[in-house]
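Structure first, then comments.
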Amino acid sequence: MTTTLKAPRAESRSIGSNVRGYAERVRGGDMGALPAVFGLVVLCTVFSILKPAFLTSGNFANLFTQGAAVTVIAMGLVFVLLLGEIDLSAGFASGVCAAVLAIMLTDQGLPWYAAVGAAILTGVVIGTVIGTLVAKLGIPSFVVTLAAFLGFQGLVLLLVKGGTNISIRDETILAISNKYLPPALGWGLLAAGVVGYAALQLLRARKRTGRGLAADPVSLIAVRVGALAVLGGLAVYFLNLERSRNAAVVSLKGVPVVVPIIVVLLLVLTFVLRRTGFGRHLYAVGGNAEAARRAGINVDRMKISAFMICSTLAAVGGVIAASRASSVDPNTGGSNVLLYAVGAAVIGGTSLFGGKGRVLDAVLGGAVVAVIENGMGLMGYSSGVKYIVTGSVLLLAAGVDALSRKRAAAAGLR
Amino acid sequence: MTPVLELRGIDKSFGPVQVLHDVSFSVYPGEVTALVGDNGAGKSTLVKCVGGIHPIDSGSYFFEGKPVQVHSPRDAAALGIEIVYQDLALCDNLDIVQNMFLGREHKRGLVLDEDTMEEMAAKTLQSLSVKTVKSIRQHVSSLSGGQRQTVAIAKAVLWNSKVVILDEPTAALGVAQTAQVLELVRRLADQGLAVVLISHNMNDVFAVSDRIAALYLGRMAAQVKTSEVTHAQVVELITSGRSGDLGLTNGVPA
């Protein structure tokens, strides 16, 4: 961080130009993650003041396991939303996959990896079918996935045999949402992440400077790496505090196992969207499908793969949800899961109109949704109030999305 | 001088409607050929036949003196023919470099090779003396109409193309931007490309073109050097198919 202060004028100027460029984009209607980050800060502040229990290590760990399934489903929805489509069946698709997982584990007695494989394969098949119906038959995705929403709700009921509850006893599956990394491993992974991030950024900047292209100044990279290190460090520190009421009997500390899973998904999917031809073509189809078609991109294939990725991640979300509940029942992936997931993606800054969105949006929006759910639960509000507030936040986020689009049009940017 | 692109005796029908009758059309390297004609004269159909979007019914297609078969846009692109359509087909949510390489990205393994693409895009824009864009990493949504046209044209010339066809590039532009785009069109030809300019605006046609090809009701009324005709003659060719000795007699080429 000290390098920022000592930075020569040329570098500080380019930080300035970066900040100015960002401010210009925000004014032009491209808010990015700003509303989500702002909302997160406000919500956390309010809840911490009103309810000190919100700010405990135990509750902090809870937030992650609470929001994990919705966040992963939202990550998948980002791919579909990027094309300007929607998948309303993602919630119950995760339920179907979770039921498949449970049946494979209990009735069939398969090992956990085979059961997870079966669940994910189910997701792939579901996505391929939905995508094919949308792309090849041309049925609007809204209708296809609404039909699938109902159908999958019934399928879950049939799979768990009319409302019984299949409990999961497999240690590995349960560990995902109920076990924690040893504190040292948490620190180790964070250090590896920060060092890796810094190395990647520096290497890239050096390569670009070497070729005479505009590169990010070292001071800016230092700020980014510093921010990651500080935020990550605080999170790991809090999660590594002892949160057991009676540490002598059972020790409860460390980063939840689900956190590294989400981080890995975030990294891999972000790489796919930002650094591969496939990701570039997804954005192109979402921005202007006709232009993409003329550029030789197979639009139908892009649609099918987006729905496939969405349902596959829904399957992963289903596995995480099953792990958290230690069981699968007819309501797994039902009720509010889909709305929370769509809400998470949109609150994070992914556009409902297509062409704009990042995987990180799902994580930020998922955090907002989890904080609302968790904080309001602590305050003792009923489910009714929670639903109303979350619905309002989703509406607000969609409103911001629509308004920023209008604003961009008015500014002649579109 | 041999034409880089030459069509002879092209016929094209859509069902019972014959849109092109025995059309011949030549395009020369280093020249701007203006393709003019009233609405419905067959300009767009002719261009789509050149670009491989519509197959031709009969007639021959020569490229650099050799007969070729063009059945799809890919065939045309492989020959080095690029068409810039009126609606430009740019993705607003991508930046200039991303748009220029859309569908033909450079990759190293799985990963996009952004640095190489950025260099090539910058070089192409520089060779066209485009200085109006602030940064080539700007989103296309933030560009003006003239700048967008420039990006679409730069995208077309990026691929070592030999023939660039521009469909009414100045139709939606203001005075200053029209001048900029026309200047760019002239520069393309001066670099040795064959440029086909479809336009309704006689001022634009006379400002930049070397040759004029006038279509009248699906027939080629005349292909003349711009320096040898007047404004009024071209208007007559467009509206009635003939003008003095030029053009069609009784609907057939003289």
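In this text the structure is predicted, and so the values were computed from the model without any measurement. Numbered from 1 within each chain, the chains take letters A, B, ... in sequence-line order.
Atom CZ in A:Phe271 sits 6.0 Å away from atom CG in B:Leu110 (nearest 0.5 Å). Going from atom CG of A:Leu213 over to atom CD1 of B:Ile136 covers 7.5 Å, rounded to the nearest 0.5 Å. Between the CZ atom of A:Arg294 and the CD1 atom of B:Ile83 there is a distance of 10.0 Å, given to the nearest 0.5 Å.
With B:Leu112 as reference, A:Arg280 is the one residue of A:Arg274, A:Arg275, A:Arg280 to meet the side chain to side chain contact (heavy atoms under 4.5 Å, CB included) rule.
Of the two parts of B:Ser72, neither the backbone nor the side chain holds a non-hydrogen atom closer than 4.5 Å to a non-hydrogen atom of chain A. Both the backbone and the side chain of A:Arg211 come within contact range of chain B, judged by heavy atoms closer than 4.5 Å. Contact of A:Phe278 with chain B is not made at all, since no heavy-atom distance falls under 4.5 Å.
Of the possible polar contacts, none joining the B:Asp115 side chain to the A:Arg208 backbone as a donor-acceptor pair under 3.5 Å is found.
When all heavy atoms of A:Ala284 and B:Cys91 are compared, the closest pair comes out as O-SG, 3.5 Å. Contact record, A:Tyr283 with B:Leu94: CB-CD2, 3.8 Å, taken as the closest heavy-atom pair. Minimum heavy-atom separation, B:Lys107 to A:Gly277: CE-CA, 4.0 Å.
Heavy-atom neighbours of chain A within the stretch residues 96-104 of chain B, taken at a separation under 4.5 angstrom, comprise B:Gln98, B:Leu102, B:Gly103.
Environment of CZ in A:Arg224: crowded, with over 12 heavy atoms of neighbouring residues, nucleotides or ligands closer than 6.0 Å. A 6.0 Å sphere centred on CZ of A:Phe38 holds no more than 12 heavy atoms belonging to other residues, nucleotides or ligands.
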